[in-house]
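In what follows, a structure is listed as structure tokens, so that the remarks can point back to it.
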Amino acid sequence: MDAAVAVSDLVVHRGARRVLHQVSCSVPPGRVTGLLGPSGSGKSTLLRAVVGVQRVHSGTVTVLGRPAGAAELRARVGYVTQSPSVYPDLTVRENARYFAALAGRDAAAADAALTDVGLGAAAGQLVGGLSGGQRGRASLACALVARPELLVLDEPTVGLDPLLRVELWAHFHALAAAGTTLVVSSHVMDEAGRCDQLLLLRDGRLLSDSTPAQLRARTGTDDLEEAFLSPVRAEGVAA
Amino acid sequence: MTTALSPRLTSATAGRVLRQLRHDHRTVAMLLVLPSALLGLLYLLWADVPTPPGQPGTFDRVGLTMLGVFPFVVMFLVTSIAMLRERTSGTLERLLTTPLSRLDLLLGYGTAFGLAAALQALVTVTVATTAYDLDVAGPLALVVLIAVVDAVLGVALGLLASAFARSEFQAVQFMPVVVLPQFFLCGLLVPRDQLAGWLQAVSDVLPLTYAVEALQEVGASSEATGTMWVDVGVVAGAALLALGLAAATLRRRTS
Ligand SMILES: Nc1ncnc2c1ncn2[C@@H]1O[C@H](COP(=O)(O)OP(=O)(O)OP(=O)(O)O)[C@@H](O)[C@H]1O
Ligand SMILES: [Mg+2]
């Protein structure tokens with residue numbers, strides 16, 4: 001099957017600096033692909049390019065067979081920014097219903113999305129009065145509600161307790177099993193093992209594009225944290 | 001760069017903006033009460049000043065003009081801050097990845113604050129004509145209409161101004177820049193035909209001039225005049241132009 005996202009020789013400049021150097025990678029459809037890398041490595045920048053809000057210098061990004069950012073993709077791609085982007089002066093439910101309306105979904109879909117992220121009980125609260133983790137989940141619900149074919153999630157599980165994290169990952173896999181493609185960035189190595197495919201980024205360069213098993217085999221360790229550090233270190237020594 | 005309009009998405013956005021407003025009780029109270037209170041102060045200012053016979057009272061002239069100036073100023077401020085928040089909080093970037101078009105977003109704001117302005121104008125006009133005996137020869141509904149068109153102009157210019165502000169400190173300072181010159185030159189302080197030629201030319205291209213002239217027309221004649229409709233059209237056209245320019249400042253891709 002064709003890749004859901006195909007990135008080819010992508011170069012991005014931010015400010016005066018080049019932050020992505022000829023990145024090429026692809027994202028298989030109906031899978032959960034993890035985007036991992038140290039802080040400042042360019043994860044958010046790459047995700048922004050995929051959803052079409054990042055100005056690119058050269059290279060191409062193809063999403064669901066169309067150039068990234070094409071108008072007809074907007075109903076098919078959902079994006080959750082790294083810092084929660086919801087309205088603090090609306091309740092959780094009002095936020096979800098607004099984003100539901102933008103996607104042509106009804107109020108029932110909004111309530112279902114809130115239940116999916118465990119915010120059913122907080123639906124009537126103002127987002128401004130939520131904890132950081134709750135706010136992040138409200139932001140996530142506002143993307144889930146659209147039921148897009150491709151979900152681009154920038155660190156969706158930051159600040160969540162282990163139980164909630166396990167539940168969300170189970171939900172991501174359930175979505176993938178139903179055909180949704182997910183790209184999820186993370187700092188947390190124990191989440192790498194939950195992905196079907198792993199992209200490792202460092203200093204704006206793609207270090208590896210493999211399955212967790214392949215990465216473990218290649219680096220000769222069972223511990224993904226160690227496996228992740230080894231290509232990062234190897235690159236560090238080579239540089 | 002599609003700008004396909006969707007009434008459904010525009011009204012969803014207007015509803016969202018109004019819901020945000022509704023959660024902010026103090027802002028709602030100030031929107032509804034402040035113009036009436038300030039008008040009351042103006043009323044008291046001239047209450048004991050004798051009017052030369054055969055001339056309209058100063059309060060009738062100034063008060064009527066203020067009915068157009070208040071919604072313009074208030075909606076300009078409220079909108080420029082609201083839109084700046086959308087830009088800095090990441091919600092704008094997110095909205096631009098959804099099927100919502102840029103014009104839907106801007107018209108949503110215009111509709112929401114236009115409705116708020118209609119409510120504000122109803123309260124202010126009612127208070128002004130009953131409590132303060134403001135004399136208006138023409139239909140009061142036209143005063144409300146002009147106030148709403150003025151408010152929409154304020155919204156449109158506020159949306160545009162927010163593109164040039166990096167912080168809320170900057171945004172509030174656009175208010176005097178955009179509002180005061182229009183207020184000075186609109187004909188209230190000095191009749192327009194007494195202005196120096198070049199100032200008159202500047203006054204000619206400022207939309208508030210036409211809003212004030214429209215209100216003066218309603219104040220003086222018992223029926224809508226052609227001049228008034230032309231004035232209203234000019235203000236509405238300026239608002240649409242500002243909305244179009246504001247749409248051009250909403251860049252989907254940023255660096
Ligand atoms: N608005 C900006 N203007 C200029 N440079 C930026 C901007 N945003 C990010 N950068 C730079 O681009 C590089 C990549 O940033 P990016 O946000 O993509 O990293 P990241 O991998 O998502 O980091 P984190 O894990 O901390 O979120 C960094 O070096 C950063 O300094
Ligand atoms: Mg990031």
Side-chain angles (χ1 to χ4, degrees), chain A residues 12-17 19 44-45 47-57 63 68-91 93-95 97-105 126-129 139 142-143 145-146 148 150 152 154, chain B residues 1-28 78-79 81-109 111-112 116 168 247 250-255:
Chain A
V12 172
H13 294 180
R14 298 189 85 167
R17 291 184 42 233
V19 299
S44 297
T45 307
L47 297 183
R48 280 167 48 85
V50 169
V51 298
V53 298
Q54 176 65 51
R55 199 171 289 153
V56 306
H57 179 262
V63 176
E72 65 263 48
L73 285 177
R74 275 182 231 131
R76 303 171 65 194
V77 177
Y79 173 43
V80 179
T81 50
Q82 184 167 357
S83 47
S85 47
V86 275
Y87 298 98
D89 46 358
L90 289 181
T91 66
R93 185 184 287 116
E94 286 169 335
N95 268 290
R97 288 194 176 171
Y98 176 52
F99 285 97
L102 294 187
R105 311 282 168 184
L126 285 181
V127 166
S139 191
C142 290
V145 72
L150 170 67
V152 177
D154 201 349
Chain B
M1 204 194 311
T2 50
T3 41
L5 274 179
S6 153
R8 191 175 55 78
L9 300 187
T10 300
S11 68
T13 301
R16 184 264 294 177
V17 173
L18 285 173
R19 266 186 281 280
Q20 287 179 287
L21 199 57
R22 204 183 54 197
H23 282 292
D24 187 350
H25 302 297
R26 193 175 302 181
T27 297
V28 172
V78 170
T79 313
I81 300 282
M83 194 63 192
L84 186 70
R85 282 192 196 154
E86 293 255 24
R87 286 175 193 271
T88 51
S89 70
T91 48
L92 177 64
E93 175 169 310
R94 178 178 207 160
L95 289 178
L96 293 178
T97 66
T98 72
L100 182 75
S101 82
R102 298 177 296 173
L103 269 180
D104 284 330
L105 174 65
L106 298 176
L107 288 177
Y109 265 100
T111 309
E168 298 189 357
L250 295 181
R251 297 261 65 102
R252 214 165 238 121
R253 281 182 192 272
T254 53
S255 48

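Throughout, protein chains are lettered first and strands after them, A, B, ... in sequence-line order, and every chain is numbered starting at 1. Hydrogens, waters and symmetry mates are skipped; everything else that's a heavy atom, side chains included, is used.
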Measure [X] against the heavy atoms of chain B and call it side chain, backbone, both or neither at under 4.5 Å.
X	value
A:E94	side chain
A:T45	neither
A:A70	neither
A:L73	neither
A:P148	neither
A:T81	side chain
A:Y79	both
A:V86	both

For this session: Return the option, out of B:R85, B:E93, B:R16, B:H23, with the maximum number of heavy-atom pairs under 4.5 Å with chain A.
Result: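 Going by pairs under 4.5 Å, I would pick B:R16.
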
Problem set entry | Donor-acceptor pair, side chain of B:R253 and main chain of A:Q54, under 3.5 angstrom | yes

Seminar exercise, completed: Rounding to 0.5 Å, atoms CZ (A:F99) and OG1 (B:T98) come to a distance of 7.0 Å

Exercise. Can you tell me how far the CZ atom of B:R22 sits from the CG atom of A:L90, to the nearest 0.5 Å?
Worked result: 9.5 Å

For this session: Would you please test B:L95 and A:L102 for side-chain contact (heavy atoms from CB on, under 4.5 Å) and show each step?
Result: CA-CA 9 Å; B:L95 289 178; A:L102 294 187; 3.6 Å; yes

For this session: Identify the heavy atoms of A:R55 and B:R251 that sit nearest to each other, and give their distance.
Result: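 Distance-wise, the nearest heavy atoms are NH2-CD, 4.5 Å.
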
Exercise. Do you know the tightest heavy-atom contact between A:A101 and B:A12?
Worked result: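 Heavy atoms of A:A101 and B:A12 come nearest at CB-CB, 3.9 Å.
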
Exercise. Going through the distances and angles, do B:T97 and A:V77 end up as a side-chain contact (heavy atoms from CB on, under 4.5 Å)?
Worked result: CA-CA 8 Å; B:T97 66; A:V77 177; over 6 Å; no

For this session: Output all residues satisfying ring-ring contact (aromatic ring centres under 6.0 Å, His included) with A:H13, sequence neighbours left out; order by chain, then residue number.
Result: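 For A:H13 the ring-ring contact (aromatic ring centres under 6.0 Å, His included) partners, ignoring immediate neighbours, are A:H57.
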
For this session: Please step through side-chain contact (heavy atoms from CB on, under 4.5 Å) for the pair B:R252 and A:R74, ending with a clear verdict.
Result: CA-CA 12 Å; B:R252 214 165 238 121; A:R74 275 182 231 131; 3.1 Å; yes

Name the region of [X], side chain, backbone, both or neither, that has any atom closer than 4.5 Å to a heavy atom of chain A.
X	answer
B:S89	backbone
B:T13	both
B:R94	side chain
B:L92	neither

Exercise. Given the rule in the side chain to side chain donor-acceptor pair (under 3.5 Å) test, do B:T254 and A:R48 qualify, once you have shown the distances and angles that lead to the verdict?
Worked result: CA-CA 10 Å; B:T254 53; A:R48 280 167 48 85; 3.1 Å; yes

